[in-house]
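Below is one structure, written out as structure tokens, with a few remarks after it.
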Amino acid sequence: MACNFQSLCLIFSITLSVLLGPNFAGASSIGVCYGMVANNLPPPREVIDMYTSNQIGRMRLYDPNLEAFEALRNTGIEVLVGVRNEDLQQLANSYSAAQNWVATYITPYSHQIQFRYIAVGNEVIPGDSAQYVLPAMENLQNALGNRGIKVSTSIATSVLGVSYPPSAGAFSQDTMEYMAPIARYLNSIGAPLLANVYPYFAYIGDTIDISLPYALFVSGKVVTDGRLIYDNLFDSMVDALHAALEKAGAPQVQVVVSETGWPSHGNGKETTPANAQIYNSNLISHVLSSRGTPRRPGNSTETYLFSMFNENMKPGAAVEQHWGLFHPNKWPVYPISFL
């Protein structure tokens, strides 16, 4: 087959876009979670248009929503898609169920959507469904074949029994029986651990020992942990997970932050649009700097902000409905840039 200069440039451009990440022009490597626990959100096609117009290069979906998949075709947005928690038992117990899941939700779209990871369960460890996570991951990874899509699971930082100082990070006794084999499996397949990391909740839970500026990336003070120096709570929490993974025999596993953010309302003076803007804007700058964390320097921490919209049907405390970057009418809750 003849090959000229233009075709070589095209091949190089395609290869470079794959290596560098999100592959539409000018896209940010920052991800945003597209939650749908609301009855007043725009239709998925309009939401995907908001991602592209705001140059958001990555998306987390909590389940394989087919209407969103249709809108995502050929956009270049990279997708982290979740398996519903209620499907874990069947996927763990039946390889054919895993094959059917892949055939239904991945195969019809994989040539036009760049699936980055599959999150096999969200915050189910510890709990009744924890026993199903690893076998479901194994079945799905085998069913995926050589597509290059990695499975993982999304955990809360409450899986840690020790989180401070970061170097002492370790999984708790209640979670170790699940997390250690999962960590080693991720290590063996070259996949990251997905983690929902919330400095807001850590700060609210201990306002005596944790300062608000330290949680918001604006502290002039630092926290030392041996030779490592921390100037923000986010890095400290991520590195506690890295330390726990190392202790569990999985030193090569990276942490991908599958959720983080700051609520703009619902809990007094700490939850204001100003504080939410400060946290998310500083987080974006931190991630895009490729500075990494003190324990894993020089490698950007892949991160997904929670969430795209304020979701009016989320249960729980008032803050749960106020994590959005945008109102359902598509107006921003506060100004923010993803670049």
Side-chain angles (χ1 to χ4, degrees), residues 21-22 26-38 41-42 47-62 68 72 77-82 116-117 119 122-123 154-157 192 194-203 215-218 232-235 237-238 241 255-266 270-291 293 300-311 314 319-328 330-339:
S28 172
S29 60
I30 293 292
V32 176
C33 302
Y34 178 10
M36 302 182 188
V37 188
L41 299 183
V47 176
I48 275 63
D49 287 343
M50 292 176 65
Y51 272 72
T52 56
S53 64
N54 284 281
Q55 299 174 298
I56 303 168
R58 291 173 177 157
M59 172 187 292
R60 179 181 181 184
L61 284 169
Y62 290 88
L72 281 162
I77 296 171
E78 297 178 355
V79 179
L80 188 174
V81 62
R116 192 161 179 81
Y117 312 112
N122 183 55
E123 297 188 354
S154 190
I155 54 95
T157 52
L194 308 176
N196 300 337
V197 177
Y198 283 102
Y200 166 76
F201 286 119
Y203 165 70
L216 294 176
F217 294 88
V218 294
N232 67 83
L233 183 55
F234 176 84
D235 282 350
M237 295 174 74
V238 171
L241 288 165
V255 172
V256 166
V257 176
S258 48
E259 286 182 15
T260 191
W262 198 280
S264 61
H265 185 70
E270 283 85 5
T271 54
T272 63
N275 280 346
Q277 181 187 38
I278 290 168
Y279 176 82
N280 284 322
S281 295
N282 286 338
L283 173 73
I284 289 169
S285 296
H286 180 64
V287 170
L288 295 182
S289 74
S290 297
R291 168 180 146 188
T293 67
S300 179
T301 304
E302 183 175 338
T303 300
Y304 295 77
L305 295 179
F306 186 84
S307 66
M308 191 65 172
F309 296 103
N310 286 335
E311 298 171 66
K314 283 187 70 68
V319 294
E320 293 300 327
Q321 299 183 9
H322 296 281
W323 292 85
L325 302 169
F326 294 89
H327 296 289
K330 301 192 285 188
W331 282 97
V333 176
Y334 42 82
I336 193 163
S337 170
F338 301 94
L339 297 174

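Here the CD atom belonging to Glu270 is positioned 7.5 Å from the CG atom belonging to Asn275, to the nearest 0.5 angstrom. Of the inter-residue distances, the one linking Met308 atom CE with Leu41 atom CG reads 10.5 Å to the nearest 0.5 angstrom. Rounded to the nearest 0.5 angstrom, Leu288 CG and Ser28 OG are separated by 4.5 Å.
Looking at heavy atoms from C-beta onward, Ile48 lies in side-chain contact with Tyr34 at the 4.5 angstrom threshold. Contact check for Ser285 versus Leu283: no side-chain heavy atoms found under the 4.5 Å cut-off. The closest side-chain heavy-atom distance from Glu320 to Glu311 is not below 4.5 Å. Taking the side chain as every heavy atom from C-beta outward, His327 and Phe309 never approach each other to under 4.5 Å. Counting only heavy atoms from C-beta outward, the side chains of Val257 and Leu194 never approach each other to under 4.5 Å. Met59 is listed as a side-chain neighbour of Leu72, based on a closest heavy-atom distance under 4.5 Å. Put simply, the side chain of Ser29 does not reach to within 4.5 Å of the side chain of Glu302, judged on heavy atoms. You'll find the side chain of Gln321 stays beyond 4.5 Å of the side chain of Val37, heavy atoms only.
A donor-acceptor pair under 3.5 Å is formed between the side chain of Tyr51 and the backbone N or O of Val32. A side-chain donor-acceptor contact under 3.5 Å links Thr303 to the backbone of Thr301. Side-chain atoms of Ser281 never come within 3.5 Å of backbone atoms of Ile278 as a donor-acceptor pair (strictly under, hydrogens ignored). Judged purely by atom type and a 3.5 angstrom limit, Asn54 uses its side chain to pair as donor or acceptor with the backbone of Met50.
Donor-acceptor pairing under 3.5 Å is lacking for the side chains of His265 and Asn310. Under the 3.5 Å distance criterion, with hydrogens and angles disregarded, no donor-acceptor pair is assigned to the side chains of Asn196 and Thr260. No hydrogens or angles considered: a donor-acceptor pair under 3.5 Å links the side chains of Tyr198 and Glu259. In this model, no donor atom of one side chain and acceptor atom of the other lie less than 3.5 Å apart for Asn232 and Asn282. There is no side-chain donor-acceptor pair under 3.5 Å between Tyr117 and Glu78.
Ring centroid separation for the pair Phe306 and Trp262 does not come in under the 6.0 Å cut-off. Ring centroids of Phe217 and Tyr279 are separated by less than 6.0 Å, placing the two rings close together.
Tested against Val238 for a side chain to side chain contact (heavy atoms under 4.5 Å, CB included), the candidates Val255, Val256, Leu233 yield a single pass: Val255.
Ser264 pairs by the side chain to side chain donor-acceptor pair (under 3.5 Å) definition with nothing, not counting sequence neighbours. By the ring pair (Phe, Tyr, Trp, His ring centres under 6.0 Å) test, Tyr62 pairs with no residue at all, sequence neighbours left out.
The minimum heavy-atom distance linking Ala276 with Pro263 is given by the pair CB-O, 4.0 Å. Residues Tyr203 and Ala215 come closest through the heavy atom pair CB-CB, 4.1 Å. Closest of all the heavy-atom pairs between Ile30 and Ile56 is O-CG2, 3.7 Å. The two residues Glu123 and Ile155 come nearest to each other via the heavy atoms CG-C, 4.2 Å. Between Gly266 and Val319, the shortest heavy-atom contact is C-CG1, 3.5 Å. Residues Ala68 and Met36 share a closest heavy-atom pair of CB-CE, 4.3 Å.
Note on ring orientation: taking the six-membered ring where Trp is involved, the planes of Phe201 and Trp323 are tilted (angle from 30° to 60°).
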Would you give me the side-chain donor-acceptor pairs under 3.5 Å for residues 330-339, sequence neighbours excluded?
| unit_1 | atom_1 | unit_2 | atom_2 | d |
| --- | --- | --- | --- | --- |
| Lys330 | NZ | Glu46 | OE1 | 3.0 |
| Tyr334 | OH | Asn280 | ND2 | 2.8 |
| Ser337 | OG | Leu339 | N | 3.2 |

